[in-house]
Protein chains: 2
Amino acid sequence: MRIGELAAATGVSVRALRYYEEQKLLSPTRSPSGQRHYSDASVARVLQIQQLYAAGLSSKTILRFLPYMESNEVTTEVLHRLRAERERIDKQISALLETRDRLDRTIANAVEIEEQGGVCPHWP
Amino acid sequence: MRIGELAAATGVSVRALRYYEEQKLLSPTRSPSGQRHYSDASVARVLQIQQLYAAGLSSKTILRFLPYMESNEVTTEVLHRLRAERERIDKQISALLETRDRLDRTIANAVEIEEQGGVCPHWP
DNA sequence: GTAAAACCTGACATTGACGTCAGAGGCAAG
DNA sequence: CTTGCCTCTGACGTCAATGTCAGGTTTTAC
């Protein structure tokens, strides 16, 4: 499949796909004329890349881990990094949970006030 | 307290504190000579700002919410935005949980292989 | 065969949250 | 008074993940 099709299939821009290649996250084959050609498996790979980006991993980090999330060969070195990254994500989750709770309390508080007729924000 | 002290107290750089002021997140008073002067309450405020940044909120979003997380006056308008942001954070948490699970499976898999003597990554 | 659509490379532009540097002024200690 | 540290403003630099544009080639559709 060509780059435009892959873009359509994944919802990722053509520019982004070329960027992923630049970052070595993708290695499409080339037609004689130089056009990129992707396998069907690329769709899943791109989606996974997107998910990792969404989790806050950088392209460098993704590059280090992606091969090991697809195959099974893991050095203890990489295992360490995987665990470190897991910890980082864990902390981020905790921080987000705390922030969410804080938002929840703010919202609950606001609703309560609203129900009481509450503090008018447009007070004279 | 002066800017350097606040920086030391919060672990945030002096540059960042000036940036926060630029974004209207802080409004220190000024000494006659123009030096910034912060109240003790600024410490907590800066820490909260940091937490919201860490949760992925932009300075604009923080600016909208911060007053309402400290006082109690909330318009239905802002309430809507609070809920929207809560939803966004919720989705981000889900994505992170999924990624963490994925990492966990990868790690577990790797450990299993390792215990079996497994695939040697430095194979001749 | 020709035009439209898709593709190529290369390069500069953007956004956010700062870092960093220059040049100048402010302030407590000896 | 001067030394040294802190602070000021202003401005340019950075980094990551793209967007966008220019100028040219290739593929597809009629």
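Because the structure is a prediction, the values reported are computed rather than measured. In what follows, chains carry the letters A, B, and so on, assigned in the order in which the sequence lines appear, proteins first and then strands, with residues in each chain numbered from 1.
In this structure, NZ of B:K60 is placed 6 Å from P of C:dG16, rounded to the nearest angstrom. Look at CD1 on B:I49: it is 17 Å from P on C:dG16, rounded to the nearest Å. The CD-P distance, from B:E21 to C:dC18, rounds to 15 Å in whole Å. Between the CG atom of B:L26 and the P atom of C:dA17 there is a distance of 14 Å, rounded to whole Å. Rounded to a whole Å, the CD atom of A:E22 is 14 Å from the C1' atom of D:dG19. When rounded to the nearest whole Å, the span between CG of B:L25 and P of C:dC18 equals 10 Å. Between the CD atom of A:Q50 and the C1' atom of D:dA17 there is a distance of 10 Å, rounded to whole Å. Regarding A:R15, its CZ atom lies at a distance of 11 Å from the C1' atom of D:dA16, rounded to whole Å.
Under 4.0 angstrom from either OP1 or OP2 of C:dA17 there lies no side-chain N or O belonging to B:Y20. An OP1 or OP2 oxygen of D:dG19 is reached within less than 4.0 angstrom by a side-chain nitrogen or oxygen of A:S13. Residue B:S58 has no polar side-chain atom (N or O) positioned under 4.0 Å from OP1 or OP2 of C:dA17. At the phosphate of C:dC8, OP1 or OP2 sits under 4.0 Å from a side-chain N or O atom of A:R18. Contact between the side-chain N/O atoms of B:S59 and the OP1/OP2 oxygens of C:dA17 is found at a separation under 4.0 Å. Between B:Y19 and C:dC18 there is no side-chain polar atom (N or O) within less than 4.0 angstrom of OP1 or OP2. At the phosphate of C:dG26, neither OP1 nor OP2 sits under 4.0 Å from any side-chain N or O atom of B:S31. The side chain of B:R36 contributes an N or O atom lying less than 4.0 Å from OP1 or OP2 of D:dC8. Remark: B:R30 is in phosphate contact with D:dT9, judged by side-chain N or O atoms under 4.0 Å from OP1 or OP2.
For the pair A:P32 and A:L17, both in contact range of DNA chain D, the more 5′-proximal nearest nucleotide belongs to A:L17.
Side-chain proximity of A:Y53 to C:dG26, D:dA17, D:dT26: nearest is D:dA17. The side chain of A:R2 has D:dT27 as its nearest neighbour among D:dC8, C:dA11, D:dT27. Distance from the side chain of B:Q35 is smallest for C:dG25 among the nucleotides D:dG19, C:dG25, C:dC18.
No donor-acceptor contact under 3.5 angstrom links the side chains of B:Y53 and B:Q48, judged on distance only. In summary, the side chains of A:Q35 and A:R2 do present a donor paired with an acceptor at a separation below 3.5 Å, with no hydrogens or angles considered. Side-chain polar atoms of A:T99 and B:Q51 form a donor-acceptor pair below 3.5 angstrom.
Residues A:E21 and A:R18 are not paired through a salt bridge, judged by the lack of any N-O separation under 4.0 Å between the basic side chain and the carboxylate. At a threshold of 4.0 Å, the pair B:R86-B:D90 counts as salt-bridged, since one of the basic side-chain nitrogens sits closer than that to a carboxylate oxygen.
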